[in-house]
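Values below: all heavy atoms of this structure, side chains included; hydrogens, waters and symmetry mates excluded. Just so it is clear, the structure is predicted and the values come from calculations on it, not from any experiment. Each chain gets a letter, A, B and so on, in the order the sequences are listed, and its residues count up from 1.
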Amino acid sequence: MSLLAAEGLVKDFGGLRAIDGLSVSIDEGELVGVMGPNGAGKSTFFNCVSGVIPPDEGTVTLDGTDVTGDPPESLAHRGLVRTFQNTRELETMTVRDNVRLAAPDQPGERTLPALLRSGSMREREETVRERADELIETFELDHLADEYSSNLSGGQRKLLELARTLMLDPDVLLLDEPFAGVNPTLTREIADHVRDLNADGMTIVIIEHELETLTDLVDRLVVLQQGRLLVEGEPEAVLEDERVIEAYLGGDAE
Amino acid sequence: MSALDRLPSGRGDRALLAGVACLLVGGLFALTPLQADLPSALYVFVEVGITFVIYGMLVLGLDLQYGHTGLVNFGHVVFFAVGAYATAMLAAQDSFSGIALGYPWPLALLVGVIAAALLGVVVSATSIRLRDDFLAIVTLATAEIFHSIFVNFEGTFGGNVGILGVPRPIAALVGDADTRLIATLLVLGGFTLITLAVVTRLTDAPYGRVLRAIRADELVTRSVGKSTITYKTQAFVYGAALAGFAGGLFALYNGAVAPGFFTIQVTVTVWIGMLLGGAANHRAVLAGLAIIMGLRLVSRFGLSVTPVSGDVFAAFRLLVVGLILVAVIRYRPAGIWGDPQELGVDQ
């Protein structure tokens with residue numbers, strides 16, 4: 001059974017139809033790449049699925065439950081977390097706090113335990129700190145842990161964003177262009193992290209322009225064009241598909 | 001500095017201790033024949049000090065809303081006013097204008113806090129989803145509407161005269177003027193210190209981390225599973241309730257309320273104090289408020305030593321205060337003790 005499924009999604013922005021009857025289904029444990037030329041509707045697809053914007057039509061189901069139009073915070077509780085195309089850091093907070101923030105089930109995020117400094121809040125905060133430091137170390141940000149995230153480079157921001165989402169221990173991870181503007185070494189590093197996470201059972205969907213990295217990485221490629229599903233399948237087969245070549249290289253040749 | 005690593009620690013507990021100590025000493029003055037002797041030259045300082053500790057509760061609430069959560073509230077005075085009016089109308093024994101119900105003052109104070117919090121809930125429910133600047137307009141308009149209501153519904157709110165005959169619990173216990181002033185300052189100051197301890201605990205805890213995350217980027221905060229609307233509403237209502245509490249205490253200290261005490265000037269003063277000291281830092285906003293109120297006080301005495309007329313001096317005084325603010329904004333845009341990185345201000 002599919003873990004995450006979008007069925008007949010439609011989203012209009014004024015007169016522009018960004019996605020048009022798009023259906024994509026992702027199985028548990030899969031590593032899926034989503035590609036397509038600019039304006040194909042990749043990010044809109046992510047936004048609709050992750051609850052950032054509600055779709056005009058269609059449904060999104062997560063683990064058998066209809067979650068269409070649910071806000072991002074409730075999807076995060078259900079185990080679906082995303083990153084953003086232009087990395088969004090909490091720039092006025094330190095790297096540590098960025099990661100710690102994402103910790104779920106912290107009683108100290110409610111007024112009374114916070115005021116009373118309850119034991120459960122302190123205990124939870126201890127584990128949160130340990131886990132956050134682990135993740136910061138895994139992503140080799142430990143030397144920057146007390147730095148404000150506004151001081152981080154583009155690549156470091158990508159790593160931080162990944163660390164932050166992993167704090168939630170999601171079942172489904174949506175990555176919006178995790179390799180954009182990242183140097184080749186770091187790209188390999190991020191790709192390795194993604195591979196490891198997937199090997200541990202996390203279902204991952206990646207939007208990416210960087211074709212080579214993507215095709216090496218994923219089990220399945222989904223190609224979008226003008227808001228519709230163009231082709232999907234094994235990466236090698238998809239890349240040789242004429243429609244894909246035309247969409248990427250031919251552009252207007254119809 | 002500890003802002004880098006906020007583990008709930010002893011920070012703020014000293015304020016709690018100091019607050020309780022102030023209340024106890026104030027209570028000692030009020031309840032025992034113990035007397036204080038105050039040189040008359042200091043009267044004005046103690047009186048401004050009392051206003052300062054009352055406004056201190058306002059600035060701490062505002063800092064929770066703006067400094068930590070990023071909510072722009074340009075109508076903070078309305079919650080102060082609603083708390084004061086509700087307390088006054090319920091507790092006043094007999095007032096020759098407006099409503100006077102004569103209930104016990106502790107009940108009236110409680111209702112004052114609840115009334116201000118309820119107004120906070122209503123404003124949040126309708127407007128907390130708005131973008132910063134729109135929330136600013138809504139809160140500003142709310143304050144103006146209520147000001148207008150207080151002035152024009154004379155039968156209920158006493159018009160420009162306001163509500164008189166509000167009981168003054170401390171004055172009722174202490175006959176001597178000097179002791180009364182000192183006891184008032186200590187008791188109200190004690191409440192302000194306890195408020196400081198409470199908001200410090202709140203913002204040092206993971207709760208404060210969520211608030212600061214909302215200020216930094218609301219969408220990110222939502223996408224890591226925090227219900228930001230709930231937090232924004234809570235921060236707004238807590239700030240409103242604090243202002244209501246301050247308003248109630250003001251009514252019970254002053255013995256009367258009138259629209260003139262609740263003009264936009266109050267909002268402006270606490271905003272300037274907060275920005276001058278440095279938003280998102282509780283002690284800094286109190287210090288900032290002390291500076292702006294101190295400047296206004298000290299500059300009053302300047303008239304006697306300058307060879308100009310009162311009118312010219314008044315204008316000159318505003319000019320100096322304005323210049324100091326310009327200098328702070330130019331050289332310390334995050335406020336005197338504010339952290340530019342924490343506030344995202346470029347230097």
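Between the CD1 atom in I26(A) and the CG atom in L174(A) there is a gap of 7.5 Å [rounded to 0.5 Å].
Between the side chain of K42(A) and the main chain of G36(A), a donor-acceptor pair closer than 3.5 Å is present. No donor-acceptor pair under 3.5 Å is formed between the side chain of D12(A) and the backbone N or O of G14(A). Not a single donor-acceptor pair under 3.5 Å links the side chain of N198(A) to the backbone N or O of T203(A). Of the possible donor and acceptor atoms, none in the side chain of K11(A) sits under 3.5 Å from a partner among the backbone N and O of G41(A).
Using a 4.5 Å cut-off between heavy atoms, N98(A) does not touch chain B at all. With a 4.5 Å cut-off on non-hydrogen atoms, A145(A) does not touch chain B at all. If you measure heavy-atom distances from L115(A) to chain B, the contacts under 4.5 Å come from both the backbone and the side chain. Using a 4.5 Å cut-off between heavy atoms, L343(B) touches chain A through its backbone atoms (N, CA, C, O) alone. For T111(A), the parts lying near chain B are the backbone and the side chain together; criterion is any non-hydrogen pair under 4.5 Å. Interface residue R110(A): only backbone heavy atoms are found under 4.5 Å from chain B. For P170(A), no part lies under 4.5 angstrom from a heavy atom of chain B. Proximity to chain B is limited to the backbone of L116(A), based on heavy atoms less than 4.5 angstrom apart. In this structure, chain B has a heavy atom under 4.5 Å from the side chain of S150(A), while its backbone stays farther away.
When the candidates R164(A), R82(A), M167(A), E91(A) are compared by the number of heavy-atom contacts under 4.5 Å with chain B, R164(A) comes out ahead. Interface check for chain B: of the options P72(A), A76(A), G51(A), the most heavy-atom pairs under 4.5 Å are formed by P72(A). Your options are V198(B), L219(B), V210(B), L202(B), and the one with the most heavy-atom pairs under 4.5 Å with chain A is L219(B).
In terms of heavy atoms, I206(A) sits closest to V194(A) at CD1-CG1, 3.9 Å.
When the options E125(A), R124(A), R100(A) are evaluated for a side-chain hydrogen bond (donor to acceptor under 3.5 Å, both in side chains) with Q106(A), the one that passes is E125(A).
Looking at E73(A) and K226(B), their side chains never come closer than 4.5 Å, going by heavy atoms from C-beta outward.
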